[in-house]
Amino acid sequence: MDLKVYNYLTREMEIFEPQVPGRVGMYVCGPTVYDHSHLGHVKTYVAMDVVVRYLKHLGYNVRHVRNITDVGHLLASGEDRIMKGARRYQLEPMEVVETYMASFFADMDALKVLRPHISPRASGHVPEIIQWVQGLIERGYAYEVAGNVYFAVEKFEEYGKLSRRKLEDLEAGARVQVREEKHHPADFALWKRADADHLMRWPSPWGEGYPGWHIECSVMSTKYLGQPVDIHGGGLENIFPHNECEIAQAEAYRDVTFANYWLLVGSLTVDGVKMSKSLGNFLTIKDALQLYTPEALRYFVLSSHYRGPVDFSQEALDAAQRGVERMHNTVRKLRHRIKNAPPAGTALLSDVSGLRDYRNAFEVAMSDDFNTPQALGTLFEFVKEVNRFLSENAYASVGTMVTMERIFTDLAGDVLGILPMSFVEPVESEELVAGLMNLVLTLRQEYRESQDWTQSDYVRSCLTELGITVNDDAGGSTWQLGR
RNA sequence: GGCGACGUGGCCAAGUGGUAAGGCAAGGCUCUGCAAAAGCCUUAUUCGUCGGUUCAAAUCCGACCGUCGCCUCCA
């Protein structure tokens, strides 16, 4: 079955064909680490994670690179994001980066987003960046003005091809305050002069400065994945100017396509409007994980198509939490039945022959531009089928049930990541054990008082087997671990 | 102003020419000592509105209404 993907570059569905059969290079624009990550990141990176997971499921050897932006990304005010964080928290800029990069990775791990193979940082690639900027100047695509180097968009004829923008339109709607030194208002910085109070600075042919925001992705994508890269992914809101600039830089630097397939993820909104700090309507991943399980958050994201927007609301998340629990109940029941069934029993052909259809339907959905909502639909039909089977067959064969369990593990688990490996909940054991022991000894005390020594001794010997010693004294029973 | 996306049952959401998946919620029934879980059934003659094309349209075309995104930092 062919995998079809919607390529933002052509705005068409295309059959996915990597350059080297069986191998896929994928670059995803990562976060700027100047604060804790929020739900918007969940949408983008969970969606991209499922793309990676499904490619692996199809047997591709995937090399996944996702950058960490730790320098050069400015706020609207012109202030550097990292610098702002550093000032706020009285830290070195790189301490800010370290803190929030660790926070980001912790959040992604919690959400079961597979780690990329390489997480390159912009600050670690300044020599390469300088080399590229020089190359662009030499080739006539860039010019220097007082320590700043700009990319001349007019020189790159295809500028705007990804976001379908025309230079004239950009100029006309110029809400961009035109910097006098730019040749064209849409020219963007490749290298910026560091002012006296700018802490992050590197020597360069144009004086001390730091890289512009867009250049790092072109450089690092090409460095680790070659040019062209098979897939370039990220959030749709970055299509302009960021992705557009990446293309311009890379394709002007060497006359080779930058990326073959552009997979862009729709934005997350909150109650209909985009989540943003200025609106104060954002929720950090850490906060969200206090309220919902990782599986529920993933299910929520995957219940709408990755290219479309998704609207966060408490009702939607509650529904996701309950929905994913319904699936978990079935898998839990299945695993419990497998564990407690007699070991004999191969799968009955009549029971499992129809199960292939669910796998196929799932793959048909996923191979159609990663249609996770439809894939989930088939999984829930499967949930119903398994529930029916289990309630109708008190003595189902282990083989049949294992076959069913494998479908959940492969599809809901490995591909979508919405199934926990184990349902054993981490518990505050000390308090719980004390409570349970109190309960057990209270019940046992009733046997003792009615002189039912058989039951009473049975309970005590069971506890002994579990490594718990019970001492019966005049004043009642006490217990201790060990003997 | 320019570019773009979207509008499907109470809520969320698939479905791009052949007669409306799935999840949540609600109601009824079954199972059940009770509870939970689960199963069965019910809930859109209809897909923003109005026209058009077609044997056939949620799906194509046009107009209009509405919502949102990008164009400035964002995942």
Side-chain angles (χ1 to χ4, degrees), chain A residues 8 11 13 28-32 34-35 37-48 66 69 73-81 84 104 160 163-166 168-177 185-186 213 233-244 264-269 271-279 282 285 299-305 307-330 332-333 361 365 368 371-392:
Chain A
Y8 249 96
R11 306 283 165 116
M13 282 288 224
V28 176
C29 288
T32 302
Y34 66 107
D35 205 344
S37 303
H38 53 71
L39 277 181
H41 297 99
V42 178
K43 161 92 167 134
T44 301
Y45 298 126
V46 166
M48 285 290 124
R66 185 179 62 211
T69 297
H73 197 164
L74 305 186
L75 289 163
S77 59
E79 194 174 11
D80 185 293
R81 285 163 183 275
K84 186 180 180 184
F104 172 72
S163 58
R164 311 258 160 143
R165 267 164 234 266
K166 296 186 183 72
E168 310 85 76
D169 296 341
L170 288 174
E171 202 158 12
R175 282 156 68 179
V176 197
Q177 62 275 48
W213 173 37
L236 180 57
E237 68 284 341
N238 275 335
I239 190 169
F240 188 89
H242 182 65
N243 297 151
E244 202 66 70
L264 302 177
V265 182
S267 298
L268 178 129
T269 56
D271 294 325
V273 291
K274 193 176 153 179
M275 179 182 298
S276 74
K277 294 211 161 172
S278 50
L279 291 173
F282 79 103
I285 296 175
Y299 174 89
F300 167 69
V301 166
L302 300 177
S303 66
S304 65
H305 190 90
R307 269 192 283 122
V310 66
D311 189 52
F312 170 85
S313 66
Q314 193 167 328
E315 297 94 302
L317 258 293
D318 288 346
Q321 183 71 60
R322 291 199 198 100
V324 85
E325 276 168 10
R326 182 168 133 81
M327 181 180 289
H328 290 180
N329 281 338
T330 299
R332 189 185 284 117
K333 202 186 301 173
D368 183 22
N371 191 332
T372 52
Q374 199 167 71
L376 283 169
T378 71
L379 281 180
F380 275 100
E381 283 172 10
F382 183 57
V383 163
K384 183 171 281 193
E385 163 115 19
V386 172
N387 282 334
R388 201 185 296 130
F389 176 84
L390 289 178
S391 61
E392 287 172 359

Inset, instruction - Can you tell me the pairing partner of B:A63 across any strand shown, Watson-Crick or G-U wobble, with both distances under 3.5 angstrom? - result: B:U49
Legend entry - A:Lys384 side chain near B:C40 phosphate (N/O to OP1/OP2, under 4.0 Å): yes
Inset, instruction - Using Watson-Crick or G-U wobble geometry with both distances below 3.5 Å, tell me the partner of B:C3, or none. - result: B:G69
Legend entry - Nearest-neighbour nucleotide for the A:Thr44 side chain, B:A75, B:G22, B:A14 considered: B:A75
Inset, instruction - Output the single nucleotide from B:A13, B:G39, B:A25 whose closest atom is nearest the side chain of A:Arg322. - result: B:A25
Legend entry - Touch class at under 4.0 angstrom, heavy-atom based, for A:Gly308 against every strand present: nothing
Inset, instruction - With C1' as the reference atom in both, quote the distance from B:G2 to B:A13 in angstrom, rounded to an integer. - result: 32 Å
Inset, instruction - Return the nearest nucleotide to the side chain of A:Lys333; candidates are B:A38, B:A14, B:A75. - result: B:A38
Inset, instruction - Determine yes or no for a side-chain-to-main-chain donor-acceptor pair under 3.5 angstrom, with A:Asn371 supplying the side chain and A:Gln374 the backbone. - result: yes
Inset, instruction - Sticking with atom P, work out how far B:G4 lies from B:U8, rounded to a whole angstrom. - result: 22 Å
Inset, instruction - Look at A:Asn371 and B:G15 and indicate whether a side-chain polar atom (N or O) is within less than 4.0 Å of OP1 or OP2. - result: yes
Inset, instruction - Look at the side chain of A:Thr269 and decide which nucleotide, out of B:C68, B:A75, B:A14, has an atom nearest to it. - result: B:C68
Inset, instruction - Heavy atoms only: give me the nearest A:Lys333-A:Leu390 pair and the separation to one decimal. - result: CD-CD1, 4.0 Å
Inset, instruction - Answer with base, sugar-phosphate or nothing: what part of the nucleic acid does A:Gln321 contact at a heavy-atom distance below 4.0 Å? - result: nothing
Inset, instruction - Kindly point out which of B:G23, B:A14, B:A75 is positioned nearest to the side chain of A:Arg326? - result: B:G23
Legend entry - Separation of the C1' atoms in B:A20 and B:A57, to the nearest angstrom: 13 Å
Inset, instruction - Measure across A:Gly235 and A:Thr44 and return the closest heavy-atom pair with its distance rounded to 0.1 Å. - result: N-CG2, 3.9 Å
Legend entry - A:Arg322 (side chain) donor-acceptor with A:Ala319 (main chain) under 3.5 angstrom: no
Inset, instruction - Give the rounded distance in Å between these two atoms: CG of A:Leu268 and P of B:A13. - result: 11 Å
Inset, instruction - Please state the C1' separation for the pair B:C12 and B:C29 - nearest whole angstrom. - result: 27 Å
Inset, instruction - Please report, rounded to the nearest Å, how far the P atom of B:G69 is from the CG atom of A:Leu264. - result: 18 Å
Inset, instruction - Would you please confirm or rule out a distance under 4.0 Å between OP1 or OP2 of B:A5 and any side-chain N or O of A:Arg11? - result: no
Inset, instruction - Scan every strand shown for a Watson-Crick or G-U wobble partner of B:A38, both distances under 3.5 Å, and answer none if you come up empty. - result: B:U30
Inset, instruction - Quote, to the nearest angstrom, the P distance that separates B:G62 from B:A5. - result: 13 Å
Inset, instruction - Specify whether A:Tyr45 and A:His41 have parallel, tilted or perpendicular ring planes, treating 30° as the upper limit for parallel and 60° as the lower limit for perpendicular. - result: parallel
Legend entry - A:Asn243 vs A:Leu264 side-chain heavy atoms within contact, under 4.5 Å: yes
Legend entry - Nearest-nucleotide 5' precedence on RNA chain B, A:Ser313 against A:Glu325: A:Ser313
Legend entry - C1' gap between B:U46 and B:U19, integer Å: 11 Å
Legend entry - Nucleotide of B:C24, B:A75, B:A38 approaching A:Ala319 most closely (side-chain heavy atoms): B:C24
Legend entry - Who pairs with B:G22 - Watson-Crick or G-U, where each distance is under 3.5 Å: B:C12
Inset, instruction - Choose from B:G22, B:C71, B:A13 the nucleotide whose nearest atom is closest to any side-chain atom of A:Phe380. - result: B:G22
Inset, instruction - Measure the acute angle between the ring planes of A:Trp213 and A:His242, then classify it against the limits of 30° and 60° as parallel, tilted or perpendicular. - result: parallel
Legend entry - Candidates B:G22, B:A75, B:A37 - which lies nearest the side chain of A:Asn329: B:A37
Inset, instruction - Counting heavy atoms from C-beta on, name the nucleotide in B:A75, B:C40, B:C68 closest to the side chain of A:Arg388. - result: B:C40
Inset, instruction - May I ask which nucleotide in the shown strands pairs with B:A44, Watson-Crick or G-U wobble, both distances under 3.5 Å? - result: none
Legend entry - C1' atoms of B:G7 and B:C47, separation to the nearest Å: 10 Å
Inset, instruction - Report yes if a side-chain nitrogen or oxygen of A:Asn387 is closer than 4.0 Å to either non-bridging phosphate oxygen (OP1 or OP2) of B:G39; otherwise report no. - result: yes
Legend entry - 5' priority, RNA chain B, between A:His41 and A:Glu385 [closest heavy atom]: A:Glu385
Inset, instruction - Please state the P separation for the pair B:A35 and B:U30 - nearest whole angstrom. - result: 13 Å
Legend entry - Under 4.0 angstrom between A:Arg165 side-chain N/O and B:G2 OP1 or OP2: no
